Amino acid sequence: MVKWVYMFTEGDATMKNLLGGKGANLSEMVNIGLPVPQGFVVSTEACTQYYSDGEVINEEIQGQIMDAIGKLEEVSGKKFGDSENPLLVAIRSGSRASMPGMMDTVLNLGLNDDVVEVLAEKSGNPRWAWDCYRRFIQMYSDVVMEVGKKYFEELIDEMKEEKGIVEDEDLTAEDFQKLAGQFKAEYKAKVGEDFPADPKVQLMGSVKAVFRSWNNKRANVYRRDHDIPHHWGTAVNVQEMVFGNLGESSGSGVAFSRDPSTGENKLYGEYLTNCQGEDVVAGIRTPNKIELMADDPHMAKAYEDFKVISKKLENHYKDMQDMEFTVENEKLYILQTRNGKRTAQAALKIACDLVDEGMIDEKTAVSMIEPRNLDTLLHPQFETAALTAATPIGKALPASPGAASGKAVFTAEDAKEWEAKGETVILVRMETSPEDIEGMKAAKGILTVRGGMTSHAAVVARGMGKCCVSGCTEIVMDEANKKFTLGGIDYHEGDIISLDGSTGNIYAGALPTMDASIAGEFARIMEWTDKYRKMKVRTNADSPEDARKARELGAEGIGLCRTEHMFFEADRIDAFREMICADSLEGRKAALDKILPMQQADFEGIYKALEGEPVTIRFLDPPLHEFVPTEEADIKKLADAQGKTVEQIKTLIDSLHEFNPMLGHRGCRLAVTYPEIAEMQTKAVIRAAIKVQKDHPEWKVVPEIMVPLIGEVKEFVFVKNVVVETADAEIKAAGSDLEYMVGTMMEIPRACLTADAVAKEADFFSFGTNDLTQMTYGLSRDDAGKFFESYYDANIYDNDPFVKLDQVGVGKLMEMTVELAKPVNPGIKIGICGEHGGDPTSVEYCYSLGFDYVSCSPFRVPIARLAAAQAAIKAGE
Ligand code: PEP
Ligand code: MG
């Protein structure tokens, strides 16, 4: 029989895959003797079983859950529904990787009309007992039966209005009792049956709801962004309740063992008295700083205990911890610990500090940095001078660093819509709830009125590397009219504001930004990265400026220079169009003569910027539709330049029209039709290389000429012959001994399938996984995004295959290519230059295939360096 349920005493920290992060860590904490309320975990495998059984919890799993309840009753001395000592439990999700706030929780489970009376009497605190009961009905209805929270909130608001009070704290025991009655009536009205009184029924309903929440929209979006596969499933933790809402000597809090924003080695947290844990993170009340517990006679002892436990947990896990705790009548309980989410700056500082403190080694430090997190550090910050000159209009908590200027919008839907229209927006919210995740993603920055540094908004924003300023209580919000007031001034939808996520300052208008640089701890980590990395990291760059930037960021060469991109500028596009639209060899040669010096100058600039590091120059691959003129004035200009009429040019353009331009006359097909294009490009490459080599004898310049889009070895050989003939003649004429290589992109499935034949002819392969993905899936890379949403909703795709390499299908072609190529050409260099070259999991995959390098856009070079180092460390090298 499969074991689906584990008591905390049966688990440990190594069982994350089975018990989820929360369950494994709760077990571990029980093992090391920390004050953790007892409980058990329904495994992640039970969740996947639930889905394969058609969303039902089968009898065997139900049986094991009930056995575990029996054991919990034994150890706690309490019983479900008991009239003496009733057991109440919390039900919480917990997958392998933490997904803060994305799934569901039910607290105070086990309450019913009888149990609430027992609790009220035994505790001598009927207000608390009824508060728990009405909370439970509310949460159960919302989470399990999907009756919206708002109906219950309306009832609370009505009650407060009737009584003329503002705060929940002013509601009495009788009020809560009355509310509980109203809530049950609401439940019956909406669900059509009585609220379940049997705790066992409540329990199964809640476990099922947590399993179901694994598949909710926000969890799916979060998983996609964090590379968490759908098939992992979530575990469910069932844990005896402890109560932070028993009065002023009770409370709940969340804390990090180090500052998650800066990494400073200082306990960092927040708490509220007389509340349940959800209140702290939900951002409904702005909590107090944890240090203040020391000044509260009811909390001081628990605070001292917590500080000791925080250190103990950090030493145990050897990483910064994010902990949840509850104080029940002055006694401390730990409800959760996990490696804390942190900003990129904090991640670097913590990793370096832990090495300096002797807690971890350099390899561990490199492995603990989330590569995609570096992104924030590589993007611009506000200019120092502009910051000094500007006066903030407000200041709140620096919840997630970065600089963001944009137009204020007030709903997550607006953020999405405006962003889709090309606007840069700041999402301004009273508080964010997990449902806002897509709006948060679309926004450049997030500003909230309520909520602390540990609120969902802050945690999620930090995870996304998105600038966030939270808890700006000075803002008077008018969500209905899409405006807010700050410092006496109104800001409307569309007004530009700026947020500094590192200081928490808010500014009116846009502030100028400056480029980030790799210094301090960032530089130190990158140094270790390079020490343990085996695979090279190159960049995709089409201009000397991009190449220089990429070199600063650590690129060790250019893996892809898209030569058609060199003609986007207004003063060059004309010559390019003349070439495309020439209808005779002479006409084309005349246009190519104009292009040659431009290309040569660009290549010289690039070779200089690279200082002898390898440069792969790809020959023209213009999908023609991207280059032909469409504006009347441009057509006229082209007609004049070629001595033709507008009508003649239009006819020519019509003749170039293709139904599937991405499968059309592009790549090497252009060079097969017009070898003079390949000839011109070879001249430009070779002449530039000879010149730079002569000026810099200390470098070794070896041009790598890359032929795009081949599907048949004869295509490659045809173009290669043109290249070799032209290059050899140039080298001879210059009296040079320049060496060069000719290779090809692997981006058409047929090229991969015949890789042995191609490898005999090519010096190198570079996987163009953008086209290879397009052609393997038969998906248009330009249009497919439009319908991917339905594929995510239906769980057909976990991710966009154009972002994260499909290792199953496209990967199979890549593996096959390597296996076919190496035996016939053992020295063949293999790399990747599709967008996946900068995606961390794809980089790891390329490493596993034995690639010589990955190549990615300049800003992703440090990410790829880190991912490549992590891959080598993980492989034990
Ligand atoms: C590719 O197809 O992966 C590639 C790098 O080429 P391009 O994106 O220019 O088609
Ligand atoms: Mg391509």
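Values below: all heavy atoms of this structure, side chains included; hydrogens, waters and symmetry mates excluded. For ligands, and for the atoms within them, numbers begin at 1 and follow the listed sequence. Model, not experiment: these values are computed from the prediction.
Within ligand 1, counting atoms from 1 as listed, the ones closer than 4.0 Å to a heavy atom of Glu747 are 1 (C), 2 (O), 4 (C), 6 (O). Using a 4.0 Å cut-off to heavy atoms of Asp771, the atoms of ligand 1 that qualify are 1 (C), 2 (O), 3 (O), 10 (O). Numbered from 1 in the order shown, with element, the atoms of ligand 1 that lie under 4.0 Å from a heavy atom of Arg562 read 4 (C), 5 (C), 6 (O), 7 (P), 8 (O), 9 (O). The contact set between ligand 1 and Cys833, taken as ligand atoms under 4.0 Å from a residue heavy atom, comprises 5 (C). Against a heavy-atom cut-off of under 4.0 Å, Arg666 is close to the following atoms of ligand 1: 10 (O). Below 4.0 Å from some heavy atom of Leu560 lie the following atoms of ligand 1, by number and element: 5 (C). Counting the atoms of ligand 1 from 1 in the order shown, those under 4.0 Å from a heavy atom of Met745 are 4 (C), 5 (C), 6 (O).
When only modelled atom types and interatomic distance are considered, Thr616 and Arg538 share a side-chain donor-acceptor pair under 3.5 Å. In this structure, a donor-acceptor pair under 3.5 Å is absent between the side chains of Tyr845 and Asp806.
Looking at Arg781 against ligand 1, only its side chain comes within 4.0 Å, counting heavy atoms. By the criterion of a heavy-atom distance under 4.0 Å, neither the backbone nor the side chain of Met706 is placed next to ligand 1.
The Mg ion (ligand 2) lies closest to atom OD2 when only the N/O/S atoms of Asp771 are considered. With respect to the Mg ion (ligand 2), Glu747 has OE1 as its nearest N, O or S atom.
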